[in-house]
Amino acid sequence: MSVYVVIMAGGKGERLWPLSQGDRPKQLLSFGSHRSLLRAAFERTVQLTTPEYVLVVTNEQIADAVRSQLPEVPPSNVLAEPVGRNTAPCIAYAAASISLKDPQAVMAIFPSDQLISNENDFLRTVRFGIDSLRDHPE
C-alpha cells in the first residue's frame, strides 16, 4: 500500500493581509524560520513517503511559486485548481488523481499553513494511523 501525501496550499492571501496577499499567501511566507510554511509542511510530511508521492493542490495563481519552493516534487504533482472551492473539492481532486495512479493507495492530507512544534510526535501519530490502515485495510 503506497502512501501519498497531499498538501493543501490554496487560499487567497486575505487572512494575514498585508503580509499575505493573492500572489503571496501565508503558506509561501516564513514566520520565524528560514523556510516557508509550505516548505516546512513538505519537509515534515515527505518523511512519510517519497517526493514522487507528494501532491500539492493549489491555485493557478501560485502554482509556479509552489513548484519553485518544492523542486523535489514532480511538476505534474502540483495540481492547480482553476477555481478554488475550499477543502472538500481540493481533497476530491487529489483523491481522483491518486486513484487513477494507485487505487489501493493511502492518502494523508495536510494543510500547508500549520506551525507544528513537535514534529516527532506529529509524525509518530500519523504513522500510527497509516499503520492501522495497513493492518486493517477494509
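What's counted below: heavy atoms across the whole structure, side chains too, no hydrogens, waters or symmetry copies. Owing to the predicted nature of the structure, the values given are computational and were not obtained by experimental measurement.
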### Query
Okay, side chain of Thr58, backbone of Ala63: is any donor-acceptor separation there less than 3.5 Å?
no

#### Entry: Check: Phe128 main-chain N/O paired with Ser132 side-chain donor or acceptor under 3.5 Å
yes

### Query
Is the side chain of Gln27 donor-acceptor paired with the backbone N or O of Ser112 at a distance under 3.5 Å, no angle test?
no

### Task
Name all residues meeting the side-chain hydrogen bond (donor to acceptor under 3.5 Å, both in side chains) criterion together with Glu72; count only those two or more places apart in sequence or in a different chain, and write none if there are none.
Arg39

### Task
Kindly work out whether a path of hydrophobic side-chain contacts (I/L/V/M/F/W/Y, heavy atoms less than 4.5 Å apart) joins Leu38 to Val57.
no

#### Entry: side chain to side chain contact (heavy atoms under 4.5 Å, CB included) partners for Arg127, two or more places apart
Gln47, Leu48, Leu123

### Query
With a 4.5 Å heavy-atom cut-off, do Leu37 and Leu115 have their side chains touching?
yes

### Query
Mind checking what makes side chain to side chain contact (heavy atoms under 4.5 Å, CB included) contact with Ala108, not counting sequence neighbours?
Phe110

### Query
Are Leu70 and Leu28 joined in one hydrophobic group, where the rule is that I, L, V, M, F, W and Y side chains link up if heavy atoms are under 4.5 Å apart?
yes

### Query
Out of curiosity, Cys90 SG to Ile109 CD1, how far, rounded to the nearest 0.5 Å?
8.0 Å

### Query
When rounded to the nearest 0.5 angstrom, what distance separates OH in Tyr4 from OG1 in Thr50?
8.5 Å

### Task
Output the distance between atom CD (Gln104) and atom OG (Ser99), rounded to the nearest 0.5 Å.
10.5 Å

### Any residue meeting side chain to side chain contact (heavy atoms under 4.5 Å, CB included) with Pro111, in chain and number order, not counting sequence neighbours
Met8, Asp113, Gln114

### Query
Under the side chain to side chain contact (heavy atoms under 4.5 Å, CB included) test, which residues partner Val46, sequence neighbours left out?
Phe42, Pro51, Val54

### Task
List the steps and the verdict of side-chain contact (heavy atoms from CB on, under 4.5 Å) for Ile7 and Val73.
CA-CA 11 Å; Ile7 300 174; Val73 173; over 6 Å; no

### Query
Got a donor-acceptor contact below 3.5 angstrom from the Asp64 side chain to the Arg67 backbone?
no

### Leu133 with Val126, same ILVMFWY side-chain cluster at under 4.5 Å
yes

### Task
Specify the closest pair of heavy atoms between Leu79 and Ser97, including all atoms of both residues, with the distance to one decimal.
CD1-OG, 3.6 Å

### Query
Any donor and acceptor pair, going by atom type alone, linking the side chain of Thr49 with main-chain N or O of Val5 inside 3.5 Å?
no

### Message
Using the rule that Ile, Leu, Val, Met, Phe, Trp and Tyr join whenever any side-chain heavy atoms are under 4.5 Å apart, tell me whether Ile91 and Leu55 fall into a single cluster.
### Response
yes

### Summary
The side-chain hydrogen bond (donor to acceptor under 3.5 Å, both in side chains) partners of Ser36 (sequence neighbours excluded) come to Gln69

### Message
Do Val3 and Phe122 land in one hydrophobic cluster if side-chain heavy atoms of ILVMFWY residues count as linked below 4.5 Å?
### Response
yes

## Note on the structure
Output for pair (Asp121 CG, Thr125 OG1), nearest 0.5 Å, gives 6.0 Å

### Message
Measuring from atom CD1 of Ile62 to atom OG of Ser68, what distance do you get when rounded to the nearest 0.5 angstrom?
### Response
12.0 Å

